[in-house]
There are 2 protein chains.
Amino acid sequence: MPSSDIAARTLDQVVQLAASITGVMRDGLEELDLTEPLANLLWILDPEAPPLPLRKLALRLHCDPSNVSQLSVQLEDKGLGQRRPHPEDGRVRTLVLTERGIEVRTQLLDLVAARSPLAVLGDAEQERLQAMLTKALAAPRRLPRLPSAD
Amino acid sequence: MPSSDIAARTLDQVVQLAASITGVMRDGLEELDLTEPLANLLWILDPEAPPLPLRKLALRLHCDPSNVSQLSVQLEDKGLGQRRPHPEDGRVRTLVLTERGIEVRTQLLDLVAARSPLAVLGDAEQERLQAMLTKALAAPRRLPRLPSAD
DNA sequence: ACTTTTACTTGAGAAACTCATGTAATGTCT
DNA sequence: AGACATTACATGAGTTTCTCAAGTAAAAGT
């Protein structure tokens with residue numbers, strides 16, 4: 001049982017899990033009055049972290065910056081977010097959640113957490129899982145044959 | 001440290017990992033001459049498993065069956081797949097990979113496996129990871145407040 | 001000061017997806 | 001067996017989402 005088979009199987013399971021999670025999210029979008037791209041944006045907008053420039057958000061979402069611009073407008077139109085000028089750099093805008101935005105984001109996260117397959121794992125298991133994921137995510141991302149994007 | 005925080009953090013890490021994996025995949029699409037939706041379809045087309053009806057593929061991809069129809073046409077145009085009538089049910093069509101399709105799929109999987117963050121985990125760790133993921137994915141999916149779709 | 005670079009916005013266009021409709025095969029009911 | 005309903009897929013139109021190109025404004029480099 002070669003090592004690459006193990007890797008392939010692990011990868012496949014993670015992808016399956018991810019698909020399941022996005023499925024759960026999609027099923028909850030209507031009751032939150034969100035679209036999928038808006039929900040994805042909301043997801044990475046941690047109210048407790050320092051606000052991020054739109055450019056950083058684009059990197060995180062693996063999409064074009066212009067796309068984030070358009071999504072930001074939608075978030076503002078819904079009263080969930082607000083673009084703020086960066087205090088030090090006049091070119092930069094950061095995206096901040098409004099009170100209502102924080103509320104909806106919490107609902108979104110709670111909903112997905114409650115219905116995701118991960119919910120069946122106990123606290124101890126989740127912590128072991130976290131340990132492994134942390135290790136993987138912290139890795140210095142050495143991409144073979146590619147300039148370091150991301 | 002309430003249990004829901006642990007769950008939220010685990011979930012966030014899985015989502016981050018998934019984003020990273022799709023990012024890796026996207027970066028490799030050009031060199032494989034694939035689009036993202038085609039790659040996703042290719043991914044779930046295991047040549048060793050019995051061929052699946054288009055409808056099942058749509059369920060797996062969380063999308064409309066008509067979408068799978070269109071993607072199947074693209075796969076055929078590229079010479080990577082072929083739709084076959086179901087031997088017993090005249091309405092059903094299954095999608096099978098061609099020789100070249102299997103080849104490209106292998107390249108895709110290998111590429112993602114090599115560059116994914118999971119690559120930094122050792123075999124033993126991956127097996128422990130698999131154990132947990134298997135448990136989660138096998139769970140009978142009790143969706144709160146929703147008829148059992150999926 | 002002048003040029004280059006960076007961050008965002010805007011608008012046009014392409015890609016991907018959904019929905020409605022149509023067709024054919026299967027299942028069901030009497 | 002015949003009539004009706006259901007299921008699986010195909011097709012075309014329309015919507016949504018995304019990318020790309022061009023433009024503006026601020027900052028950095030020379």
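Values reported hereafter were calculated over all heavy atoms of this structure, with side chains retained and with hydrogens, waters and symmetry mates removed. Residue numbers start from 1 in every chain, and the chains themselves are labelled A, B, ... in the order their sequence lines are given, proteins ahead of strands.
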Is [Y] close to [X] at the side-chain level, that is, under 4.5 Å between some pair of heavy atoms?
X         : Y         : value
Leu34(A)  : Leu80(A)  : yes
Leu118(B) : Leu129(B) : yes
Arg83(B)  : Thr94(B)  : no

query = Between Arg83(A) and Asn40(B), which has a closest nucleotide on DNA chain C that is more 5'?
reply = Arg83(A)
query = Taking atom types as modelled, is there a side-chain donor on Thr10(B) or Gln126(A) under 3.5 Å from an acceptor on the other?
reply =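 Their side chains do contain a donor-acceptor pair, which is all the 3.5 Å distance test asks for.
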Considering every strand and a 4.0 Å limit on heavy-atom distances, what is the contact class for [X]: base, sugar-phosphate, or nothing?
X        : result
Gln74(B) : nothing
Arg26(A) : sugar-phosphate
Thr35(A) : sugar-phosphate
Gln70(B) : base
Pro65(B) : nothing

Roughly how many Å is it from [atom1] in [X] to [atom2] in [N], rounded to a whole number?
X        : N       : atom1 : atom2 : value
Glu30(B) : dT19(D) : CD    : P     : 14 Å
His86(A) : dA26(D) : NE2   : C1'   : 13 Å
Leu75(B) : dA16(C) : CG    : P     : 12 Å

From [options], nucleotide with atom closest to [X] side chain:
X        : options                   : value
Leu71(B) : dA24(C), dC17(C), dT19(D) : dC17(C)
Val92(A) : dA10(D), dG27(C), dA7(C)  : dA7(C)
Asp64(B) : dT7(D), dC19(C), dA10(D)  : dC19(C)
Asp89(A) : dT9(C), dC17(C), dA27(D)  : dA27(D)
Asn67(B) : dC17(C), dA8(D), dT19(D)  : dC17(C)
Ser69(A) : dC8(C), dT26(C), dC17(C)  : dC8(C)

Side-chain donor/acceptor of Ser66(A) to base of dC18(D), under 3.5 Å =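 For Ser66(A), whose side chain was compared with the base of dC18(D), there is no donor-acceptor pair (under 3.5 Å).
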inquiry  = Looking at Glu31(A) and Arg115(A), is any side-chain nitrogen of the basic one under 4.0 Å from a carboxylate oxygen of the acidic one?
reply    =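 Salt bridge present between Arg115(A) and Glu31(A).
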task = Taking only the side-chain nitrogens and oxygens of Arg91(A), find out if one of them lies under 4.0 Å from OP1 or OP2 of dT24(D).
result = no
ask   = Is Arg55(A) near enough to dA7(C) that one of its side-chain N or O atoms lies under 4.0 angstrom from OP1 or OP2?
value =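 The answer is yes; a side-chain N or O of Arg55(A) sits under 4.0 Å from OP1 or OP2.
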